[in-house]
Structure formats: C-alpha cells, structure tokens
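Please read the structure below before turning to the comments.
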Amino acid sequence: LGLPDLESRPPLIIENKGTGQVLETSNPDGTGLLVLGTKVGRKKPSQCWYVDREEKGTVIRNAVSGLAVGVMFMSAEPGAVARVSVCERGKQAHPDNLFKLTDAGRAVVLTYRNADLAFQPVEVKVKAVNVWQIAQEKKASPPAANQLWLVTEAK
C-alpha cells in the first residue's frame with residue numbers, strides 16, 4: 001500500500017491528491033466533522049492521524065482526541081458526511097469506524113467498510129464560507145484525483 005511503516009505507530013498526514021489539502025477535524029480539539037485544511041502537519045495536531053489495522057478493517061484515529069473516523073449515522077448512502085467518533089483502542093472497533101485502504105500506486109482510496117463508496121472532498125458553504133467537508137461517493141474507475149489520498153509521516 002501507499003503507506004509508511006505503521007509498526008512504530010507514527011503520526012500521519014492524510015493529503016487529498018486532488019486538492020493538495022490535508023484531512024483535519026472541524027474543531028481544533030480533534031472532534032467534529034472531517035474537513036480539509038492547509039497543510040501544517042505537527043504544528044496543527046488536529047491534522048495528525050494514527051492508522052491501526054484490525055482484524056475486520058482499518059481504524060483511523062485523530063492524534064489529539066483519539067477519536068476514530070466514521071460516517072454519520074453509519075450510513076451506506078452516497079453523500080453521507082464523515083466525522084470522528086468514540087472508538088476505544090485495543091477493543092474491537094465498532095463497524096462505524098472500520099475502513100478499507102485500497103492501493104492506488106503511491107496513494108490509497110479510503111472506503112467505508114459498510115459501503116463500497118470512496119471518501120472525497122465536497123465543497124459546502126458554512127456560515128457564508130466555502131469549506132471542504134469529506135463525504136462518501138461512488139468510486140470512480142480508475143479513482144479520480146479527489147478520491148486519492150497520500151499518507152505520509154507528519155513532520
């Protein structure tokens with residue numbers, strides 16, 4: 001996979017290939033919806049993530065809050081928005097927090113385990129400001145640039 005070595009559990013940055021922006025939470029404390037922001041890395045901890053492989057899938061946790069990526073209401077429908085939610089490390093992950101990472105060269109496609117839909121940014125207006133939220137949409141074949149994610153160690 002297009003992933004760094006995960007054994008030492010390094011903090012990671014997850015960058016959208018289409019926009020050049022990185023995955024972060026809407027709140028600085030590592031809670032809220034998943035959005036895209038300008039790449040700052042370790043200087044903005046809400047942009048740092050841990051990827052844990054588990055028996056039934058992969059869990060992506062925010063470095064600040066420890067909360068795991070999930071889909072609103074465990075929806076398997078296109079357009080469902082991604083957010084972080086409670087998921088205890090070391091315990092079996094809730095199905096809402098399981099993902100598949102599919103290799104796409106040096107990038108990966110993030111797919112919610114309960115649906116064969118890819119995560120991609122969707123531009124929405126929040127309080128009169130355009131924001132990139134992350135939602136699940138039908139996978140393009142081959143994957144479109146906005147469905148590709150570059151996963152690197154945070155610097």
How about Thr25 and Leu33: do any of their side-chain heavy atoms sit closer than 4.5 Å?
no

Sub-4.5 Å side-chain heavy-atom contact between Leu12 and Val51
yes

Rounded distance (nearest 0.5 Å) linking atom OG of Ser26 with atom CZ of Arg83
11.5 Å

Walk me through whether Val124 and Val81 qualify under side-chain contact (heavy atoms from CB on, under 4.5 Å).
CA-CA 11 Å; Val124 296; Val81 177; over 6 Å; no

Can you say whether the rings of Phe99 and Phe119 are parallel (under 30°), tilted (30 to 60°) or perpendicular (over 60°)?
perpendicular

For Tyr50, does the six-membered ring have the charged nitrogen or CZ of Arg61 within the cation-pi criterion, i.e. under 6.0 angstrom from the centroid and within 45° of the normal?
no

Would you check if the side chain of Trp132 reaches a backbone N or O of Leu23 as a donor-acceptor pair within less than 3.5 Å?
no

Can any side-chain N or O of Gln47 pair as donor or acceptor with the backbone N or O of Thr38 at less than 3.5 Å?
yes

Find out if a path of hydrophobic residues (ILVMFWY) with successive side-chain heavy-atom gaps under 4.5 Å connects Leu101 to Val151.
yes

Over all atoms of both residues, closest heavy-atom pair of Ile134 and Val35
CG1-N, 4.2 Å

Restricting to non-hydrogen atoms, name the atom on Leu67 and the atom on Gly30 that form the minimum distance, rounded to 0.1 Å.
CD1-O, 4.1 Å

For Ala63 and Pro45 the tightest heavy-atom approach is CB-O, 4.2 Å

Stepwise, does the side-chain contact (heavy atoms from CB on, under 4.5 Å) test hold for Leu98 with Val59?
CA-CA 5 Å; Leu98 293 173; Val59 179; 3.9 Å; yes

With a sphere of 6.0 Å drawn around CD of Glu123, does it hold more than 12 non-hydrogen atoms of other residues, nucleotides or ligands?
yes

Strictly distance-based, threshold 3.5 Å: is any side-chain N or O of Arg42 a donor or acceptor partner for the main-chain N or O of Ala154?
yes

Can you find a pair of side-chain heavy atoms, one from Trp49 and one from Asn62, that are under 4.5 Å apart?
yes

Interatomic distance, Thr152 atom OG1 to Arg106 atom CZ [nearest 0.5 angstrom]:
12.5 Å

Could you tell me whether the side chain of Thr58 reaches within less than 4.5 Å of the side chain of Lys100, counting heavy atoms only?
no

Would you find a donor on one side and an acceptor on the other, under 3.5 Å apart, between the side chain of Gln136 and the backbone of Val71?
no

Do Asn97 side-chain atoms and Val69 backbone N/O form a donor-acceptor pair below 3.5 Å?
yes

Measure across Ala107 and Leu148 and return the closest heavy-atom pair with its distance rounded to 0.1 Å.
CB-CB, 4.0 Å

Ignoring hydrogens and angles, state whether a donor on the side chain of Gln147 or Gln120 is under 3.5 Å from an acceptor on the partner side chain.
yes

Is there a donor-acceptor contact under 3.5 Å from the side chain of Asn16 to the main chain of Thr19?
yes

For Lys138, is there an ion pair with Asp116 - N to carboxylate O distance below 4.0 angstrom?
no

State plainly whether one hydrophobic cluster holds both Val22 and Ile14, where clusters connect Ile, Leu, Val, Met, Phe, Trp and Tyr through side-chain heavy atoms under 4.5 angstrom apart.
no

Looking only at heavy atoms, the pair that brings Leu36 and Pro121 closest together is CD1-CB, 3.5 Å

Can you pull out every salt bridge (Lys or Arg N to Asp or Glu O under 4.0 Å) where at least one residue sits in residues 11-32? Sequence neighbours excluded, please.
Glu15-Lys39, Glu24-Lys44

What distance do Lys155 atom NZ and Cys48 atom SG have between them, rounded to the nearest 0.5 Å?
12.5 Å

Determine whether Trp149 and Leu117 fall in the same hydrophobic cluster, where Ile, Leu, Val, Met, Phe, Trp and Tyr are linked whenever their side-chain heavy atoms lie under 4.5 Å apart.
no

